[in-house]
Amino acid sequence: MTENLFLQNGIAPERARQIFTWIYERNVQTFGEISIFPKKIMKKIESEYTLNSLEFENAQKSSDGTLKILLRTRDNLLIESVLITNDKSDRTRFTACISSQAGCAMGCSFCCTAKNGFKRNLETAEMLDQISHLRRVSNIKNNNVVFMGMGEPMNNYENVMNAAEIMNYTFGFHISNYRITISTCGIIPGIQKFIAEQRPYNLAISLNDSDFKKRSVNMPVEKKFPFNDILEVLRNEMPVTKNRVLFEYVMREDNISLDDAARLKSMVFSSRILLNCILLNSGDHDFETPSETNVNLFLHALDELGITYTIRDSYGSDIDAACGQLAGKHGKNN
């Protein structure tokens, strides 16, 4: 679109890429800060385009270094984004966790976002703007992005994929495809489209229960898109891609038995599938956080069964910035 605008004004269309560099790499907040183009073309761009689709509201910083920001859309909706800046295994790993929707319609019982209901999909620009704001506030350029904030990314598929593509541009955020992760609670049409289009990003699928009857209670998506059907899709269609697939598993006191471990064995059927375990965070739910003893017994059982897994550290829980805690509230009292 910008290339056509340049062409219509007698300017080489490839120079449009320089606009992207100023916006995403230099992180300018107004077109007036871009000083390398004729005023005529800049006035034309300003008349047709805008920057900063989100307004910054406030920021909170956790004791572990995690940063959470609250942003307001032009139609007065609140969303949250997180920058995880403290990784015990790699101090140079900075991950932006961004939202794809205002609210969420999926109704998972352990997720605070679900309590607010669904408002609307976020535009591509609103997803990119979250990274810009995180970088301005933190003065850190993240090198990883996870679409694990508010909302269900696969229900906003086109906008999410457009955002991921721009993140990867060398004249955009220049983030490696393999450092971008798209998450889903299990929307099968989205997963199939993702695989068929051979999208190069990591895919994270929320599992959270090995007992599918229990999963259907805690994650209503199970009723429409059973996890067994997801496994069938992955077995039949995943070989056409080289994607890494994560099965997200929030460990609760009631889902880490030896029977749970045994059921998980048949699900992690490929070396490209990784069980990603994370402790349940506090929030607006009725679940019990598991004891350290029971977690260790569960992990030992996974080891004995030869299940490939990792334990994802939880950051930002003291500012409600951890997994399942984002709610888009204006402070803790609202």
Side-chain angles (χ1 to χ4, degrees), residues 27 54-72 78-104 108 110-116 122 126-151 153 163 167 173 175 179-183 202 204 206 246 248-252 276-285 287 289-290 295 310-334:
N27 215 357
L54 300 173
E55 180 182 348
F56 175 77
E57 286 285 321
N58 62 51
Q60 291 177 278
K61 195 164 188 178
S62 168
S63 58
D64 60 31
T66 300
L67 174 72
K68 181 177 76 170
I69 60 174
L70 182 70
L71 303 167
R72 188 180 297 275
L78 293 173
I79 62 171
E80 291 177 331
S81 313
V82 177
L83 181 66
I84 303 168
T85 61
N86 184 11
D87 191 295
K88 295 176 183 178
S89 62
D90 182 356
R91 294 289 179 176
T92 63
R93 182 182 178 90
F94 303 115
T95 301
C97 177
I98 67 172
S99 298
S100 58
Q101 295 179 319
C104 185
C108 298
F110 43 81
C111 179
C112 292
T113 308
K115 308 299 181 183
N116 292 340
L122 295 182
E126 291 173 319
M127 286 179 262
L128 297 172
D129 209 15
Q130 292 175 59
I131 295 180
S132 294
H133 279 292
L134 285 170
R135 290 184 171 189
R136 288 177 193 134
V137 175
S138 67
N139 201 30
I140 292 173
K141 287 188 176 182
N142 62 294
N143 50 20
N144 294 269
V145 176
V146 293
F147 286 82
M148 294 182 182
M150 301 170 66
M167 289 172 191
F173 286 123
I175 297 171
R179 289 181 175 270
I180 298 173
T181 300
I182 313 296
S183 70
N202 299 315
S206 295
L246 309 174
E248 302 288 326
Y249 200 83
V250 175
M251 295 183 292
R252 312 183 309 265
N276 195 16
C277 301
I278 183 170
L279 276 174
L280 174 72
N281 291 304
S282 62
D284 187 12
H285 57 69
F287 295 100
T289 302
V295 168
T310 187
I311 303 173
R312 174 154 50 106
D313 289 324
S314 181
Y315 294 111
S317 59
D318 58 329
I319 57 169
D320 294 338
C323 179
Q325 291 185 322
L326 298 187
K329 295 181 179 180
H330 205 325
K332 292 187 177 182
N333 299 321
N334 293 328

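Positions are given from 1, in the same order as the sequence printed here.
Under the rule for a side chain to side chain contact (heavy atoms under 4.5 Å, CB included), the partners of N202 that lie at least two apart in sequence or sit in another chain are T181, R244. Residues meeting the side chain to side chain contact (heavy atoms under 4.5 Å, CB included) test with S132, sequence neighbours left out: N27, D129, R136, F173. Remark: R135 engages no residue in a salt bridge (charged side-chain N to carboxylate O under 4.0 Å, His left out) (not counting sequence neighbours).
The nearest pair of heavy atoms linking L134 to V82 is CD1-O, 3.7 Å. Closest approach of G149 to C97, counting heavy atoms only: N-SG, 3.5 Å. When all heavy atoms of Q101 and G151 are compared, the closest pair comes out as OE1-CA, 3.3 Å.
In this structure, F56 and L71 have side chains that are in contact, with non-hydrogen atoms separated by less than 4.5 Å.
Between the H133 side chain and the L54 main chain, a donor and an acceptor come within less than 3.5 Å of each other. Checked by atom type and distance alone, the side chain of Q130 pairs as donor or acceptor with a backbone atom of S99 at under 3.5 Å. The backbone N or O of G65 lies less than 3.5 Å from a partner atom in the side chain of T85, making a donor-acceptor pair. A distance-only check finds no donor-acceptor pair linking the side chain of N143 to the backbone of R93 [under 3.5 Å].
For the atom pair OG (S100) and CE (M127), the distance works out to 6.5 Å, reported to the nearest 0.5 Å. Taken to the nearest 0.5 Å, the CD atom of Q60 stands 4.5 Å off from the NZ atom of K68. To the nearest 0.5 Å, atoms CE (M251) and CD1 (I311) are separated by 6.0 Å. Rounding to the nearest 0.5 Å gives a distance of 10.0 Å between CD1 of I131 and CG of L83. The CG atom of L70 sits 5.0 Å away from the CG atom of L78 when rounded to the nearest 0.5 Å. Between I79 atom CD1 and L122 atom CG the span is 5.0 Å, to the nearest 0.5 Å.
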L128/M167 under side chain to side chain contact (heavy atoms under 4.5 Å, CB included): CA gap, chis, key distance, verdict = CA-CA 8 Å; L128 297 172; M167 289 172 191; 3.9 Å; yes
Quick one: do I98 and F147 satisfy side chain to side chain contact (heavy atoms under 4.5 Å, CB included)? Show the steps, please.
-> CA-CA 5 Å; I98 67 172; F147 286 82; 3.5 Å; yes
Quick one: do I69 and L67 satisfy side chain to side chain contact (heavy atoms under 4.5 Å, CB included)? Show the steps, please.
-> CA-CA 7 Å; I69 60 174; L67 174 72; 4.2 Å; yes
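Just one of L246, I182, T95, I84 meets the side-chain contact (heavy atoms from CB on, under 4.5 Å) condition when paired with V146; it is T95.
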